[in-house]
Amino acid sequence: MSELQRSTAAELAGLIGSGQASSREITQAHLDRIEAVDGDVRAFLHVDGERALAAADAVDARRAAGEALGPLAGVPLAVKDVFCLTGAPTTAGSRILEGWHPPYNATVTQRVLDAGLVVLGKTNLDEFAMGSSTENSGYFATHNPWDLERIPGGSGGGSAAALAAFEAPLALGTDTGGSIRQPAAVTGTVGVKPTYGGTSRYGVIAMASSLDQPGPCGRTVLDTALLHAVIAGWDPRDSTSIDAPVPDVVAAARAADVSGMKLGVVKELSGEGYAPGVEQRFGAALAALAEAGAEIVEVSCPNFRYALGAYYLIMPSEVSSNLARFDAMRYGLRVGDDGTAGAEQVMALTRDAGFGAEVKRRIIIGTYALSSGYYDAYYGSAQKARTLIARDFERAFSTVDVLVSPSTPSTAFRIGERTDDPLAMYAADLCTIPSNMAGNAAGSFPCGLSPEDGLPVGFQVMAPVLADDRVYRVGAALEHALAGQFGGVLTDQLWAREHGAAQNGGAR
Ligand code: GLN
């Protein structure tokens, strides 16, 4: 069983295709793993083993009948609990949605189901995807498999932790300011935020609609690209979805070739506030990519310094509007409805009881930023900064193929360390937010362990709008270049720690 738990999604698909393993065996192996470790990791809010095994059996039956299967059919998947999935609770990590069952599937969930992926369950997240550690979850915090005292990142910490703990070979995430990339960075896994409009937001519980983007998470670059190809592409149900061909991300991941590519190191995303161990590993990754044939230059994006400030005006403004729908009437929780209380009172009591402190903070900030008299000074100025950031990207991409930076300024911090300091928490997204503001594609790839604390460091690749393939090309080249140092992909070290497998040369 344990070999099945350790295998990549591509390997598992190969085993299913050739009949060497059934989807049921593979699914059972991952359910066993969840049973064994999730009491410590707490990646999942909800696991449905019966449903998963039934889905696995359906794929096995289709294979037995000689049907041609898609490239990931029968492979298990963990789903961030912000995607609507029928027949299961969807909470967005909030008590206000406790017990709510969505009446329809998100387009992304529908696509993974149609492709024959086997949903294991729903993963934990910061409430309504607001946070960088999963500590804002209305249920419990998730722990980082590299060190259970540390955060797995956020908001998609559950998905990232499930991957690093080998509970699932693939996972879905959403990224509004870094919620796919920052968890990937601090868990030594891969996560990509597609170009805005590249994946459908239909049926994904909205945080900030002009920034939210669903995306794939995996332990290897190829696995992540395979999932990207399944979920991406135009959806008439999402008005911001782009009606254009999806870049061939799988071919780019297979090519893994950076020779002749020009990589721009963003000057503003380093220096003060960045952990020396992060900068050291980032520098080593650059050297490896240069060795692989990339040209490395420094690029200045001066307006990136406004990104965090502008994000914390635009995002809460959209949050204040999007979360107005949780009014105690239509979904989930209802408090104080004793037959005499008025609707407004029930609404107030419900929102007070159902929303956590961070969500309330953002609703209040957003409502203030949008209020008449302050709108121009706050929301309006932030939108201008957003345009300047997009122009920095445009200028940079006229001279380089991709931009690169560390994915986040530090490695995984300790659980509890930043809960009383929202600004320290927000700083985790310093490097990732610019790409949400501009809507371009970006991903985080493992680049080794920090010599300071032995924890994973992420390398961020940012590519122009609709050039998502470049993110994978560079990520895969980095994975290849560093494979010798890691003994395979980075998470193999974590597996080896537990299983005593060969650290060097033991991997694929
Ligand atoms: N950590 C960021 C925030 O708290 C990003 C969240 C996200 O991408 N969903 O807003």
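Both ligands and their constituent atoms are indexed starting at 1 by order of listing.
Thr134 and Asp126 form no side-chain donor-acceptor contact under 3.5 Å, judged by distance and modelled atom types alone. Side-chain contact check for Arg201 and Thr240: at least one donor-acceptor pair (N or O, by modelled atom type) lies under 3.5 Å. No hydrogens or angles considered: a donor-acceptor pair under 3.5 Å links the side chains of Ser210 and Arg386.
Listed by first and then second residue, the ring-ring contact (aromatic ring centres under 6.0 Å, His included) pairs that reach into residues 78-111 are Trp100-Tyr331, Tyr104-Tyr202, sequence neighbours excluded.
For Arg95, the salt bridge (Lys or Arg N to Asp or Glu O under 4.0 Å) partners at least two apart in sequence or on another chain are Glu98.
Residue-level contacts of ligand 1 at the 4.0 Å heavy-atom threshold are Ala129, Met130, Gly131, Ser132, Ser155, Asp175, Thr176, Gly177, Gly178, Ser179, Met207, Tyr311, Tyr312, Arg362, Asp429.
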Can I get a per-line list of side-chain donor-acceptor pairs under 3.5 Å for residues 301-308, giving both atom names and the distance, sequence neighbours left out?
from   : atom 1 : to     : atom 2 : distance (Å)
Asn303 : ND2    : Asp392 : OD1    : 3.1
Asn303 : ND2    : Asp392 : OD2    : 3.4
Arg305 : NH1    : Pro302 : O      : 3.1

